[in-house]
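For reference, the structure is listed below as structure tokens.
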Amino acid sequence: MNVVTRFAPSPTGYVHVGSQRTALYNYIFARQQKGKFILRIEDTDQNRYVEGAVENLLSSLEQLGIEFDAGPGKEDGKGPYFQSERNEIYSREVKKLMDDGKAYRCFCSEKRLDTLRKEQMEEQIPTGYDGKCRSIKREVSDERAKTEKFVIRLKTPREGICEFEDIVRGEVKIAWFQIDDQVLVKSDGFPTYHLANVVDDHYMEVTHVIRGEEWLPSVPKHLFLYECFGWDAPQMAHLPLLLNPDRSKLSKRQGDVAVEDYLKKGYTPEALNNFLALMGWNPGGKSEIYTMDELIKAFDINKITKAGAVFDVQKLDWMNGQYIKNMEVERYLNEARKWLGDLEVNEDKLDTALMAVKTSLTTFKEIPSKIAVFTGDPVEPDLEGTEMLEFESTKEVFEAYVEKITALDELKSDDFKNIMKEIQTEMGVKGKYLWMPIRVGLTGAVHGPELGYIVEYLGKEENIKRINHWIN
RNA sequence: GUCCCGUUCGUUCAGUGGUUAGGACUCAGGAUUUUCAUUCCUGCAACAGGGGUUCGAGUCCCCUACGGGAUACCA
């Protein structure tokens with residue numbers, strides 16, 4: 001079988017991390033199976049149109065390295081890949097359904113539907129359309145359609161049980177009488193998700209539908225549609241949801257949910273993908289760090305977890321730190337430079353500063369604050385810092401230090417280390433009694449990156465100036 | 001209300017009838033280091049509850065509880 005998967009988001013303006021996880025699983029599975037991965041824009045709801053949303057979506061997917069084989073701007077003869085441009089197809093298909101008596105026009109007002117639902121709630125029976133317009137004769141229906149507003153509904157079975165197999169959930173059973181006569185075409189003439197998704201998946205030859213768990217209850221409707229059309233249904237895999245720390249569905253209120261938010265906060269696409277891929281599945285080895293290729297190799301669609309997963313930023317932080325620490329130097333420097341903001345830096349020595357903080361970063365956004373020790377003026381020592389300046393030996397250490405670097409033409413990290421060794425052997429001062437006064441004298445702070453980096457970045461003159469400040 | 005799905009350390013993921021229930025993150029302690037960070041080592045910590053089936057159940061079945069989802073002319 002030639003596997004075809006699809007990611008079918010509605011363009012709401014940003015990519016939710018949950019959607020990204022869905023996209024990832026579709027992508028990974030398709031690549032693993034040497035199949036095709038397609039992107040389809042589900043924009044049948046005209047009320048939800050958002051300016052620039054599609055561009056945004058495409059850009060997010062690109063940044064995350066999710067490449068589709070067919071989709072917007074990448075036609076393969078099975079498009080168009082915008083549902084809003086496929087209305088002719090849906091009209092044609094739904095007409096077949098009506099001719100076969102599988103679907104019917106419904107002229108009920110929204111008001112009647114509302115009161116109906118309320119009554120059903122009170123009577124404690126399943127809510128849903130009561131079938132009032134089910135038996136209107138076709139000729140009458142055709143006539144009324146000329147003047148009245150209507151929707152088209154699917155005539156779902158009223159008895160029996162719908163049983164189906166889900167790759168993640170196993171066997172699922174739902175009684176048909178629970179299933180509503182779903183609206184297939186809205187009164188504005190656009191199809192609902194249920195119709196469009198089935199028609200498109202069929203014509204786009206999708207073999208595996210991998211999507212969020214929220215779709216599980218509508219599977220019977222979809223299956224029935226396939227049956228009515230006489231088509232084979234694809235296999236289904238309904239993914240567990242991503243959750244807030246309080247285990248409700250991951251929402252904006254409790255933190256960032258958009259992929260672009262995380263990118264803006266300095267997370268790398270690799271870390272984000274790696275992290276998301278492991279929400280709901282895991283190859284079981286000792287490591288947690290996987291490249292995309294490794295994920296594709298190791299992925300097992302049959303081993304996806306059933307339970308929802310809390311989005312744990314702490315772990316993402318750790319993972320992102322790992323990716324930065326292990327990042328190739330050239331790429332790191334390149335990336336890090338984008339995060340300087342309006343910080344004033346010494347261009348020649350910027351790389352030194354950036355390398356010095358590489359292992360201490362959680363996200364790129366921390367760069368300005370982390371390298372401030374290089375670029376800014378020294379801070380006023382706090383209590384602990386002051387103590388470090390008041391050792392008995394401090395003044396002599398300072399004097400020896402200044403004397404030794406004054407004799408140099410240029411002050412490099414290696415020179416600095418040699419000088420420190422010399423002072424240690426000559427004066428017998430070592431450990432924190434030697435290093436901390438220099439650190440505090442130079443930066444004012446008791447913590448910071450390796451001193452060698454700082455010394456080299458500041459340069460000979462600045463070193464002398466700052467230490468002399470404390471001698472006097 | 002009705003229906004569907006779920007429930008292993010705080011979090012995440014392993015564990016598909018016999019295990020001292022494992023890894024990762026977090027947290028705590030230690031080692032290395034001029035500090036912080038990194039790195040390394042050690043430790044804390046879980047099978048929701050109750051019934052079955054079985055010689056034996058985290059693993060299979062049922063019930064309860066709790067959580068989530070669906071119930072739209074949104075996807």
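Judged by the 6.0 Å distance and 45° axis criteria, A/K358 is positioned over the aromatic ring of A/Y332.
Judged by distance alone with a 3.5 Å cut-off, no donor-acceptor contact links the side chain of A/Q120 to the base of B/G1. A donor and an acceptor atom sit less than 3.5 Å apart, one in the side chain of A/K315 and one in the base of B/A24.
When the P atom is compared between B/U34 and B/G29, the two are found 22 Å apart, to the nearest whole Å. Of the C1' atoms belonging to B/A46 and B/A21, the separation is 9 Å, rounded to the nearest Å.
Taking side-chain N and O atoms only, A/Q322 has a distance below 4.0 Å to OP1 or OP2 of B/U39. Contact annotation: A/K249 side-chain N/O to B/A70 OP1/OP2 distance is under 4.0 Å.
Partners of A/R144 by salt bridge (charged side-chain N to carboxylate O under 4.0 Å, His left out), not counting sequence neighbours, listed by chain and number: A/E148. Residues meeting the salt bridge (charged side-chain N to carboxylate O under 4.0 Å, His left out) test with A/K111, sequence neighbours left out: none.
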Under 3.5 Å, N/O pairs linking protein and nucleotides 73-75 of chain B:
from	atom 1	to	atom 2	distance (Å)
B/C73	O2	A/S187	N	2.7
B/C73	O2	A/S187	OG	2.5
B/C73	N3	A/S187	OG	3.0
B/C74	OP2	A/K186	NZ	3.2
B/C74	O2'	A/D45	OD2	2.9
B/C74	O2'	A/R48	NE	3.3
B/C74	O2'	A/R48	NH2	3.4
B/C74	O2	A/R48	NH1	3.4
B/A75	OP1	A/T44	OG1	2.8
B/A75	OP1	A/K186	NZ	2.8
B/A75	OP2	A/Y193	N	3.2
B/A75	O4'	A/R48	NH2	3.3
B/A75	O3'	A/E42	OE1	3.0
B/A75	O2'	A/S10	OG	3.1

Could you list, one pair per line, each protein nitrogen or oxygen that sits under 3.5 Å from a nitrogen or oxygen of nucleotides 41-44 of chain B, together with the distance?
none

For nucleotides 59-67 of chain B, tabulate all protein N/O to nucleotide N/O atom pairs closer than 3.5 Å, reporting atom names and distance.
none

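For A/D181 and A/Y104, the side-chain atoms include at least one donor-acceptor pair closer than 3.5 Å. In the model, A/Q254 has a side-chain atom that pairs as donor or acceptor with a side-chain atom of A/D246 under 3.5 Å. Judged by distance alone, the side chains of A/D188 and A/Q46 never bring a donor and an acceptor atom under 3.5 Å apart. Under the 3.5 Å distance criterion, with hydrogens and angles disregarded, no donor-acceptor pair is assigned to the side chains of A/Y193 and A/D45. Between the side chains of A/E93 and A/Y203, at least one donor-acceptor pair of N or O atoms lies under 3.5 Å.
The listed nucleotides are B/U34, B/U38, B/C5; the one nearest the side chain of A/L216 is B/C5. Residue A/E288 has its side chain nearest to B/G23 when only B/G23, B/U2, B/C5 are considered. The side chain of A/N282 has B/C13 as its nearest neighbour among B/G68, B/C13, B/U7. For A/R439, the side-chain atoms get nearest to B/U34 when compared with the rest of B/U12, B/U34, B/U2. Distances were taken from every side-chain heavy atom of A/P217 (C-beta onward) to each of B/G6, B/A72, B/G69; the shortest belongs to B/G69.
If you find the closest nucleotide of RNA chain B to A/G431 and to A/T305, the one lying nearer the 5' end belongs to A/T305. In terms of position on RNA chain B, the residue among A/K173 and A/M121 whose nearest nucleotide sits closer to the 5' end is A/M121.
As judged by a 4.0 angstrom heavy-atom cut-off over every strand, A/E366 is placed among residues making no nucleic acid contact.
Helical stems in RNA chain B, defined as runs of 3 or more consecutive Watson-Crick or G-U wobble pairs with donor-acceptor distances under 3.5 Å: B:1-7 with B:65-71, B:10-13 with B:22-25, B:27-31 with B:39-43, B:48-52 with B:60-64.
Salt-bridge annotation for A/D415 and A/K404: absent, with no side-chain N of the basic residue lying under 4.0 Å from a carboxylate O of the acidic one. Look at A/R466 and A/E462 and you find a salt bridge, because one of the NZ, NE, NH1 or NH2 atoms lies within 4.0 Å of a carboxylate O, short of that distance.
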